[in-house]
Amino acid sequence: RLGLACSSSVLPRSRGRPTSTLLAHNLVPPPCRYWWTTPGGISKSPTSFAEYRIEVFRPPSWFNVTAKPQIESLDPETWDPEDKVNVMQYGGQFALQYSMFYATDSVTAAVLVSPGSTTHSTNMNQRVVDLEILAQDIDSRRLVVKGPPTINIAPPGWYMLFLLNGDVYGQSAWVRLPGNAPRMDSFLTPATAATATRSN
């Protein structure tokens, strides 16, 4: 979407050095910055030593602060108190309030981005889903988008909702698509007795 020509990576990449490319705040591929934590230099991977440096790339649009759409609030009727997240229904309307620095600017696109599941140089959960904009009131900064049509386009689960002004995107907000999606209580529930027995 950004259509940028970026410089090559400074650090060597092996199968154990994945690249996580997201629309979110940090993109971790080439180029821009790197830092390290081991004094005296780092042996390059994949020799016999680990490579501790990482590169963080931020596109030029990242620094265009005044053009970023900022999500202020999501429709309270979509709030799920159990998971503490707003739920976007498939094919349904989803309203939100946003703000922008310039009164003449507006949202040109809205997308869902799935959280990365990156390993061995592959993001196995990479997915960006464009959302249809149903209505937008620039004066009140109210935006209504349409949820993905089916689970074939966007499987149930957690997504980051981004608003774009051209190629400039703002901070995301978490939403969840309903269905057989992981719930927070499943991660917080203590191990069952059967599990404890098997571990013993």
Side-chain angles (χ1 to χ4, degrees), residues 1-4 20-28 32-33 56-118 123 125-151 153-179 181-185 187-188:
R1 179 183 293 276
L2 297 176
L4 300 175
S20 180
T21 305
L22 300 174
L23 260 175
H25 304 297
N26 323 2
L27 291 90
V28 188
C32 274
R33 308 178 185 176
V56 178
F57 168 69
R58 293 181 175 91
S61 60
W62 169 259
F63 303 97
N64 192 358
V65 179
T66 57
K68 292 182 178 182
Q70 177 65 44
I71 297 175
E72 297 295 340
S73 64
L74 304 178
D75 186 352
E77 294 185 1
T78 66
W79 180 251
D80 179 357
E82 184 175 357
D83 278 346
K84 295 180 172 56
V85 68
N86 292 83
V87 179
M88 179 181 292
Q89 299 295 331
Y90 287 100
Q93 296 186 7
F94 189 86
L96 59 91
Q97 296 289 140
Y98 70 95
S99 63
M100 302 199 73
F101 186 82
Y102 294 109
T104 55
D105 280 354
S106 62
V107 171
T108 59
V111 299
L112 294 180
V113 179
S114 61
S117 301
T118 306
N123 188 347
N125 197 34
Q126 183 167 298
R127 186 178 297 270
V128 177
V129 181
D130 287 296
L131 301 176
E132 180 184 353
I133 295 179
L134 298 177
Q136 179 173 193
D137 188 325
I138 298 178
D139 295 327
S140 65
R141 295 301 187 188
R142 184 176 187 269
L143 182 73
V144 181
V145 299
K146 185 178 181 179
T150 67
I151 62 174
I153 302 299
W158 294 67
Y159 290 81
M160 294 174 285
L161 171 62
F162 285 94
L163 303 182
L164 290 93
N165 174 17
D167 285 338
V168 180
Y169 57 90
Q171 184 174 348
S172 66
W174 284 105
V175 299
R176 182 169 60 82
L177 296 180
R183 303 183 65 87
M184 289 305 297
D185 52 4
F187 294 100
L188 301 177

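Just so you know, these numbers use all the heavy atoms, side chains as well, and skip hydrogens, waters and symmetry mates.
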Quiz item: Between N165 and A67, is there a donor-acceptor pair closer than 3.5 Å when you use the side chain of the first and the backbone of the second?
Solution: yes
Quiz item: Do you know which two heavy atoms are closest between G157 and Y159, and how far apart they sit?
Solution: O-CD1, 3.4 Å
Self-check item: I151 CD1 to L177 CG distance, which is reported to the nearest 0.5 Å
Solution: 10.5 Å
Quiz item: What distance do K146 atom NZ and L131 atom CG have between them, rounded to the nearest 0.5 Å?
Solution: 11.0 Å
Quiz item: Is there a donor-acceptor contact under 3.5 Å from the side chain of R127 to the main chain of I153?
Solution: yes
Practice problem: Spell out, as yes or no, whether a donor-acceptor pair under 3.5 Å connects the side chain of S172 to the backbone of F162. | Solution: no
Quiz item: Looking only at heavy atoms, which two atoms of I133 and A110 are closest? And how far apart?
Solution: CD1-N, 4.5 Å
Exercise. Supply the atom-to-atom distance Q97 CD to D137 CG, rounded to the nearest 0.5 angstrom.
Key: 9.0 Å
Quiz item: Rounded to the nearest 0.5 Å, how far does CG of L163 lie from CD1 of I71?
Solution: 4.0 Å
Quiz item: Partners of E72 by side-chain hydrogen bond (donor to acceptor under 3.5 Å, both in side chains), sequence neighbours excluded?
Solution: S99
Quiz item: Between T78 and M88, is there a donor-acceptor pair closer than 3.5 Å when you use the side chain of the first and the backbone of the second?
Solution: no
Quiz item: Going through the distances and angles, do K68 and Y169 end up as a side chain to side chain contact (heavy atoms under 4.5 Å, CB included)?
Solution: CA-CA 5 Å; K68 292 182 178 182; Y169 57 90; over 6 Å; no
Exercise. Over all heavy atoms of both residues, which pair between R176 and W158 is shortest? Give the atoms and the distance, please.
Key: CD-NE1, 3.6 Å
Quiz item: Considering all heavy atoms of both residues, which atom of V175 and which atom of L74 are nearest to each other, and what is their separation?
Solution: CG1-CD1, 4.0 Å
Quiz prompt | Q136 (side chain) donor-acceptor with S106 (main chain) under 3.5 angstrom | solution = no
Exercise. Can you measure from CG (D75) to CZ (F94) and round to the nearest 0.5 angstrom?
Key: 7.0 Å
Quiz prompt | Q70 (side chain) donor-acceptor with F101 (main chain) under 3.5 angstrom | solution = no
Practice problem: For A103 and R141, work out which heavy atoms get closest and say how close. | Solution: O-NH2, 3.2 Å
Practice problem: Taking all non-hydrogen atoms of both residues into account, name the closest pair between I138 and Y98 and its distance. | Solution: CA-OH, 4.4 Å
Quiz item: With no hydrogens and no angle check, is any side-chain donor or acceptor of Y90 less than 3.5 Å from a backbone partner on A154?
Solution: yes
Practice problem: Indicate yes or no: at least one non-hydrogen side-chain atom of N86 is less than 4.5 angstrom from one of L161. | Solution: no
